[in-house]
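Here's the structure we're looking at; comments come further down.
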Amino acid sequence: MLQLQTIRENKESIITALKKRNIDAEPILSAILDLDEKRRSIQTELDGTLAESNKLSKEIGMLFKSGKAQEANQLKEQTADLKEASKQLGEDLNATSAALQEQLYQLPNIPHASVPAGNSDADNEEIFSEGDIPTLIEGALPHWELAKKYDIIDFELGVKVTGAGFPIYKGKGARLQRALISYFLDKNTDAGYTEVQPPHLVNEASGYGTGQLPDKEGQMYHVQTDDLYLIPTAEVPITNLHRGDIVPQENFPIKYTGYTPCFRREAGSYGAHVRGLNRLHQFDKVELVRIEHPSTSYQALDEMVEHVKDILRELKLPYRVLRLCGGDLGFTSALTFDFEVFSTAQDRWLEISSVSNFETFQANRLKLRFKDENGKSQLAHTLNGSSLALPRVLAGILENYQTETGIKIPEVLVPYCGFDMID
RNA sequence: GGAGAAAUGGCAGAGUGGUCGAAUGCGGCAGUCUUGAAAACUGUUGAGGGUCACACCUCCGGGGGUUCGAAUCCCUCUUUCUCCGCCA
């Protein structure tokens with residue numbers, strides 16, 4: 001959520017910046033500014049009424065104390081009008097504030113200056129790539145065939161137990177998945193991230209805090225009996241650990257990593273994109289979350305990008321890094337780098353990580369602040385990134401590491417797996 | 001799930017209808033003293049709205065109510081603690 005003060009002072013530049021997202025923000029910004037002005041004028045009037053009423057109440061109190069009940073009762077009569085007026089103004093104020101809030105929730109984050117304009121993923125900008133795309137064996141298979149051949153992931157069984165998009169990992173498949181989780185967490189804690197195990201369900205306030213609500217309501221599983229949401233990513237519970245906090249500046253940087261399953265309804269997905277592990281309703285992910293001073297958040301973003309590169313380098317997977325264009329940029333993000341692994345057998349790139357700086361967008365909703373040098377409260381910056389999303393890493397490994405005799409395990413994972421071949 | 005108790009500033013903890021945004025202690029910050037530090041002493045120290053700056057307004061777990069006036073009384077929800085039950 002953008003700050004009102006920012007909107008008041010920079011309306012034109014926000015309109016220009018949001019054009020990168022292909023949004024004409026003029027109408028909504030004008031509506032916001034009108035509501036803001038209306039809200040403040042009602043507030044001023046209400047404050048004045050309350051001030052007068054407070055003053056009278058004090059006088060009445062003093063009169064009663066000094067035994068002048070008659071005069072006090074006369075004053076009492078004057079308060080009725082004030083009471084009525086403040087009640088009405090209070091209702092107006094609530095209605096106006098709610099309308100204003102609703103508009104503010106609909107406004108996406110301002111893209112960073114480096115974000116290219118564009119409509120879709122075709123306009124994303126490749127900024128880095130590394131790793132050789134392997135030449136595969138004759139008759140190389142996509143991962144869903146490999147999963148069946150070696151009996152390590154059972155998609156049909158998942159359909160029986162739950163439904164499509166909930167695979168069952170078995171034997172060495174399950175072990176490899178567990179190995180990847182441990183390996184990622186170790187890499188992250190070695191880099192100074194504190195490991196946390198957050199809840200897998202969150203309340204509504206947390207959903208609003210990180211921006212999934214109200215924007216992506218339909219993408220989350222909602223447990224209506226208890227009004228809780230299954231997390232679509234660990235970003236939600238972990239970032240919300242600091243909702244409402246005023247953190248001492250010396251605590252920066254705050255760095256967390258956590259493993260959780262992620263639940264996504266994926267309404268509207270179809271076709272080859274949902275084949276095999278490509279898109280699931282439940283998948284595992286190890287996440288990075290950082291809370292930073294505004295002056296260092298882009299440095300932190302670079303660090304996260306380098307960190308994820310390092311992991312992919314160790315796994316020896318061919319990958320590329322993309323700078324997302326305005327049209328593909330997430331609602332809450334100012335700047336996002338996507339990591340994609342090349343899935344050789346499918347001959348396509350699979351997104352396995354997304355690293356973003358939200359600047360103050362989430363912090364404003366979270367009321368996550370710090371004290372600056374002058375003792376003033378200021379919004380912090382929040383960032384997050386995946387390191388990494390498990391199913392697509394798994395798909396990448398299965399497809400790129402297949403040999404005639406089985407699937408080789410990347411060297412760095414062998415100690416975690418306890419075997420070096422799936423055969 | 002049942003019964004009872006509680007929820008106040010960073011923490012501890014007063015306050016049970018009026019001048020209370022809230023005593024006191026601890027902690028934090030600034031200063032005096034000191035070569036320096038500690039101790040002692042003095043001052044200061046919640047958040048938000050609003051204003052050029054003041055004024056002023058709101059907030060004592062959330063919401064609603066009674067009253068001229070609510071941290072204080074009433075209703076309701078949530079959470080925590082104690083006891084009982086159930087349970088991985």
Side-chain angles (χ1 to χ4, degrees), chain A residues 1-9 32-104 197-209 213 223-229 237 240-252 254 261 291 360 362-380:
Chain A
M1 190 166 71
L2 300 181
Q3 293 172 88
L4 263 175
Q5 203 188 336
T6 311
I7 298 173
R8 279 183 212 140
E9 290 166 5
I32 286 171
L33 290 173
D34 285 350
L35 283 167
D36 175 44
E37 202 167 310
K38 188 176 166 200
R39 203 215 91 231
R40 276 186 294 166
S41 96
I42 295 172
Q43 177 90 58
T44 305
E45 204 181 335
L46 176 62
D47 284 358
T49 312
L50 288 175
E52 208 173 320
S53 148
N54 287 344
K55 214 176 107 199
L56 278 177
S57 291
K58 271 182 192 168
E59 281 175 33
I60 290 169
M62 302 227 260
L63 287 172
F64 271 123
K65 261 200 171 160
S66 50
K68 298 174 183 164
Q70 203 180 342
E71 288 177 48
N73 283 324
Q74 275 174 356
L75 273 185
K76 267 198 200 180
E77 285 165 27
Q78 292 181 30
T79 62
D81 286 349
L82 290 172
K83 228 182 153 181
E84 181 56 37
S86 58
K87 195 182 165 200
Q88 184 60 50
L89 286 166
E91 281 168 16
D92 290 353
L93 184 67
N94 285 343
T96 309
S97 300
L100 178 59
Q101 191 66 29
E102 201 179 308
Q103 297 289 315
L104 283 171
Q197 282 191 18
H200 300 166
L201 283 87
V202 293
N203 57 29
E204 192 180 44
S206 293
Y208 274 94
L213 293 174
V223 183
Q224 295 189 350
T225 314
D226 297 293
D227 200 16
L228 296 172
Y229 294 86
N240 272 281
L241 294 177
H242 290 283
R243 172 152 45 87
D245 283 4
I246 298 179
V247 301
Q249 253 200 87
E250 60 269 23
N251 287 14
F252 289 134
I254 297 173
I291 298 164
T360 59
Q362 288 183 329
N364 192 31
R365 290 188 174 196
L366 293 159
K367 296 286 167 272
L368 171 44
R369 293 159 293 175
F370 68 95
K371 289 270 189 213
D372 68 13
E373 293 71 19
N374 306 318
K376 296 260 284 181
S377 297
Q378 270 197 49
L379 294 174

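- The distance between atom CG of L93(A) and atom C1' of rG49(B), rounded to the nearest whole Å, is 10 Å.
- Between L56(A) atom CG and rU67(B) atom P the separation is 17 Å, expressed in whole Å.
- Taking atom CG of residue L4(A) and atom C1' of nucleotide rG48(B), one finds them 13 Å apart after rounding to whole Å.
- Taking atom C1' in both rU76(B) and rU66(B), one finds a spacing of 15 Å when rounded to whole Å.
- The closest side-chain heavy-atom distance from F370(A) to L379(A) is not below 4.5 Å.
- Between rU58(B) and rG69(B), the distance separating the two P atoms is 12 Å to the nearest Å.
- When side chains are defined from C-beta on, Q43(A) counts as touching L93(A), because their heavy atoms get closer than 4.5 Å.
- Rounded to whole angstrom, the span from the NZ atom of K87(A) across to the P atom of rU66(B) amounts to 8 Å.
- The closest donor-acceptor contact from the side chain of N364(A) to the backbone of M1(A) lies under 3.5 Å.
- Across the protein-nucleic acid pair, E250(A) atom CD and rG10(B) atom P stand 16 Å apart, rounded to whole Å.
- Of all non-hydrogen atoms in P199(A) and P237(A), the two that sit nearest each other are O-CG, 3.7 Å.
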Can you pull every protein N or O that's under 3.5 Å from an N or O on nucleotides 69-75 of chain B?
| residue | atom | partner | partner atom | Å |
| --- | --- | --- | --- | --- |
| rG69(B) | O4' | S57(A) | OG | 3.2 |

Please list, for nucleotides 51-58 of chain B, all pairs of protein and nucleotide N/O atoms separated by less than 3.5 Å.
| residue | atom | partner | partner atom | Å |
| --- | --- | --- | --- | --- |
| rC57(B) | OP1 | N54(A) | ND2 | 3.1 |
| rC57(B) | O2' | D47(A) | OD1 | 2.9 |

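- Annotation: Q101(A), atom CD; neighbour count of heavy atoms from other residues, nucleotides and ligands within 6.0 Å is above 12.
- Counting only residues at least two apart or on different chains, the side-chain hydrogen bond (donor to acceptor under 3.5 Å, both in side chains) pairs with a member in residues 77-99 of chain A are Q88(A)-D92(A).
- Within 6.0 Å of the CD atom in Q197(A), the count of heavy atoms belonging to other residues, nucleotides or ligands does not exceed 12.
- Side-chain contact between N203(A) and Y208(A): absent, with no pair of heavy atoms (C-beta onward) separated by less than 4.5 Å.
- When each of I246(A) and K58(A) is assigned the nucleotide of RNA chain B with its nearest heavy atom, K58(A) is the one assigned upstream, toward the 5' end.
- E204(A) has its CD atom 15 Å from the P atom of rU78(B), to the nearest Å.
- Annotation: side chain of I32(A) is not in contact with side chain of L2(A) (no heavy-atom distance under 4.5 Å).
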### Summary
RNA chain B in dot-bracket form (Watson-Crick or G-U pairs under 3.5 Å, [ ] crossing, | inter-strand) is ((((((((.[[[..)..(.....]]]((((((.......))))))((((......)))).[[[[[..)....]]]]])))))))....
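- Comparing rU79(B) with rG62(B), their C1' atoms are spaced 10 Å from each other, to the whole Å.
- Taking atom C1' on both nucleotides, rC68(B) is separated from rC84(B) by 48 Å, rounded to a whole Å.
- For K76(A), counting side-chain heavy atoms from C-beta on, the closest listed nucleotide (rG48(B), rG50(B), rC68(B)) is rC68(B).
- Taking the C1' atoms as reference points, rC60(B) lies 8 Å from rA22(B), given to the whole Å.
- By the salt bridge (charged side-chain N to carboxylate O under 4.0 Å, His left out) test, D36(A) pairs with R8(A), R39(A), R40(A), sequence neighbours left out.
- The distance between atom CD of Q3(A) and atom P of rG48(B), rounded to the nearest whole Å, is 12 Å.
- Taking only side-chain atoms of K371(A), from C-beta outward, the nucleotide of rG46(B), rC68(B), rG50(B) with the closest atom is rG46(B).
- The neighbour count for K367(A) NZ, taken as heavy atoms of other residues, nucleotides or ligands under 6.0 Å away, is above 12.
- Within the 4.5 Å cutoff, the side chain of L228(A) has no heavy atoms near those of the V202(A) side chain.
- For the C1' atom pair drawn from rC75(B) and rU67(B), the interatomic distance equals 16 Å after rounding to whole Å.
- Residues I60(A) and K76(A) are in side-chain contact: their nearest non-hydrogen atoms beyond the backbone lie under 4.5 Å apart.
- Computed from coordinates, the I60(A) CD1 to rG18(B) C1' distance equals 11 Å when rounded to whole Å.
- On the P atoms, rG21(B) is 24 Å away from rA12(B), given to the nearest whole Å.
- For rA38(B) and rU45(B), the P atoms lie 23 Å apart once the distance is rounded to whole Å.
- Residue whose closest nucleotide on RNA chain B sits further toward the 5' end, between G61(A) and S377(A): G61(A).
- Heavy-atom neighbours of E9(A) CD from other residues, nucleotides or ligands within 6.0 Å: above the threshold of 12.
- Between R369(A) and rG48(B) there is a side-chain N or O to OP1 or OP2 distance below 4.0 Å.
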All N/O contacts under 3.5 Å from nucleotides 60-64 of chain B to the protein, with atom names and distances to one decimal?
none

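- In this structure the side chain of L104(A) reaches within 4.5 angstrom of the side chain of L4(A), judged on heavy atoms.
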